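Let me begin by presenting the structure, written as structure tokens, before commenting on it.
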Amino acid sequence: MTILSLDNSLTTVIVIFKVKPEQQQDLIEAIKEFLETVKIQPGFVSANLHQSTDGLKVANYAQWSDMDSLTMFRNNQQVQAKAAKLFEFDTPDSHVYEIVTSESKVGIPKIKKAEYITHFAEFSMPGSNQPRMIELAKEHIKPAMEQPGLISATFHRSLDGTRVINYGQWDSEEAIAKLAQQPGFSKAQPYWDGIAENEYHLYQVVHTVNA
């Protein structure tokens, strides 16, 4: 089981694919097939496939024991050759992340299949803006958690400085819609305005793999 812990004892990789709705299930099946190879690699801990409800994205939240194991996996040409089919869909947005702030109503957040409605809020920015984006995330996470229906919110920063991702867990889509109407969270004047570009989609966890 994947645990989203602030201690960052594991190396987190988030990979997000854009896809046409009619190809989404084909991509998921291709990733599931590749994960049969990935799960036996040294240092692999877990992978969690998320399917966006609008059909436009597939996301994998994966953990490795350490950066050296991830690098070894990425440099293994025989293993990577088996991933060739995945790149027939789209070049994924893949980064290594660490958790910078997290709030939860149920203890340390965990990823389980089909338990919650999940969102990936993808913030893209110049590297010089990432520290400010993290400050804003820390300022706004507690007010967001006052929203009924939000189970957990966990902000990740990419080590290359260009991304911040909020991994949120919800009990309903209605609760998400209500947060988007609150000051600072609406499209009209979001708290990240001028700092980052944001895109978010709602997901269901459809497949999990553990070492």
Side-chain angles (χ1 to χ4, degrees), residues 2 4 8 10-99 111-114 117-127 130 154-168 196-211:
T2 299
L4 281 59
N8 289 299
L10 299 175
T11 297
T12 297
V13 184
I14 299 176
V15 186
I16 301 179
F17 289 84
K18 292 181 180 179
V19 67
K20 296 177 181 178
E22 64 269 21
Q23 294 179 318
Q24 188 187 52
Q25 192 57 44
D26 290 339
L27 174 56
I28 289 170
E29 293 304 320
I31 298 173
K32 287 168 67 174
E33 181 179 348
F34 180 52
L35 287 176
E36 291 301 302
T37 297
V38 177
K39 71 181 184 181
I40 60 174
Q41 301 308 307
F44 172 79
V45 176
S46 65
N48 304 271
L49 288 187
H50 298 66
Q51 171 182 315
S52 73
T53 57
D54 59 11
L56 298 176
K57 296 263 183 141
V58 174
N60 181 20
Y61 189 109
Q63 292 180 330
W64 292 76
S65 61
D66 52 64
M67 194 65 197
D68 288 344
S69 297
L70 175 62
T71 301
M72 186 181 302
F73 161 72
R74 287 177 163 177
N75 292 338
N76 188 323
Q77 295 183 2
Q78 289 183 328
V79 170
Q80 294 305 319
K82 296 182 179 181
K85 187 175 181 180
L86 307 185
F87 294 90
E88 295 175 3
F89 295 87
D90 185 36
T91 301
D93 188 74
S94 177
H95 299 267
V96 179
Y97 291 84
E98 66 178 12
I99 295 173
I111 300 178
K112 298 180 182 178
K113 183 178 177 180
I117 297 171
T118 299
H119 80 251
F120 284 86
E122 307 168 46
F123 297 92
S124 303
M125 70 219 70
Q130 193 191 58
T154 303
F155 280 87
H156 305 66
R157 76 164 193 95
S158 68
L159 301 190
D160 67 1
T162 65
R163 300 286 188 276
V164 170
I165 284 184
N166 178 17
Y167 184 89
E197 298 294 326
N198 174 253
E199 178 180 0
Y200 78 92
H201 297 258
L202 306 183
Y203 294 80
Q204 296 175 331
V205 181
V206 295
H207 185 67
T208 61
V209 177
N210 298 294

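None of these values were measured; they are calculated from a predicted model. Just so it is clear, the values below take in all heavy atoms, side chains as well, and ignore hydrogens, waters and symmetry mates.
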Between Glu29 and Lys32 (salt bridge meaning N to carboxylate O under 4.0 Å), is one present in this structure? yes
Are Leu86 and Ile31 packed together at the side-chain level, in the sense that at least one heavy-atom pair is separated by less than 4.5 angstrom? yes
Has the side chain of Glu98 got a donor or acceptor atom that lies under 3.5 Å from a matching backbone atom of Arg157? no
Report yes if the side chains of Leu49 and Leu35 come closer than 4.5 Å at any heavy-atom pair, otherwise no. yes
One should read off an interatomic distance between Tyr203 OH and Thr53 OG1, to the nearest 0.5 angstrom, of 9.0 Å
Find out whether Pro42 and Phe73 are in side-chain contact, i.e. whether some heavy atom of one side chain is under 4.5 Å from a heavy atom of the other. no
Kindly say whether Met72 contributes a backbone atom to a donor-acceptor pair with the side chain of Gln41 at under 3.5 angstrom? no
Just to verify, which of Tyr200, Phe17, Tyr167 counts as forming a ring pair (Phe, Tyr, Trp, His ring centres under 6.0 Å) with Phe120? Tyr167
Heavy-atom check, side chain of Leu4 versus side chain of Ile111, under 4.5 Å: yes
Please give me the minimum heavy-atom distance between Thr162 and Ser158, naming the atom from each residue. N-OG, 3.2 Å
Taking every heavy atom of Pro92 against every heavy atom of Val15, the minimum-distance pair comes out as CB-CG1, 3.5 Å
Should Phe34 and Val79 count as side-chain neighbours, where that means a heavy-atom distance under 4.5 Å? yes
Hey, what do you get for NE2 (His201) to CD1 (Ile16), rounding to the nearest 0.5 Å? 8.5 Å
Heavy-atom side-chain proximity of Lys112 to Val205 below 4.5 angstrom: no
Only one of Thr2, Thr118, Thr208, Asn210 clears side chain to side chain donor-acceptor pair (under 3.5 Å) with Asn48; which? Thr2
Which residue pairs satisfy the side-chain hydrogen bond (donor to acceptor under 3.5 Å, both in side chains) criterion with at least one member in residues 58-75, sequence neighbours excluded? Tyr61-His156, Ser65-Ser69, Asp66-Ser69
Does the Glu88 side chain pair with the main chain of Ala84, one donor and one acceptor, at a distance under 3.5 Å? no
N/O donor-acceptor pair under 3.5 Å between Asn8 side chain and Ile99 backbone: yes
Expected output: side-chain Thr11 to main-chain Met67 donor-acceptor under 3.5 Å: yes
So, applying side chain to side chain donor-acceptor pair (under 3.5 Å) with Lys57, which one of Glu122, Gln24, His50 is it? Glu122
Distance, nearest 0.5 Å, that separates CZ of Phe155 from CD1 of Ile165: 11.0 Å
Any side-chain heavy-atom pair of Lys20 and Phe89 under 4.5 Å: no
Heavy-atom distance under 4.5 Å between the side chains of Ile14 and Arg163, does that happen here? no
Are more than 12 heavy atoms from other residues, nucleotides or ligands located less than 6.0 Å from atom CD of Gln78? no
Are there more than 12 heavy atoms of other residues, nucleotides or ligands under 6.0 Å from atom CD of Glu33? no
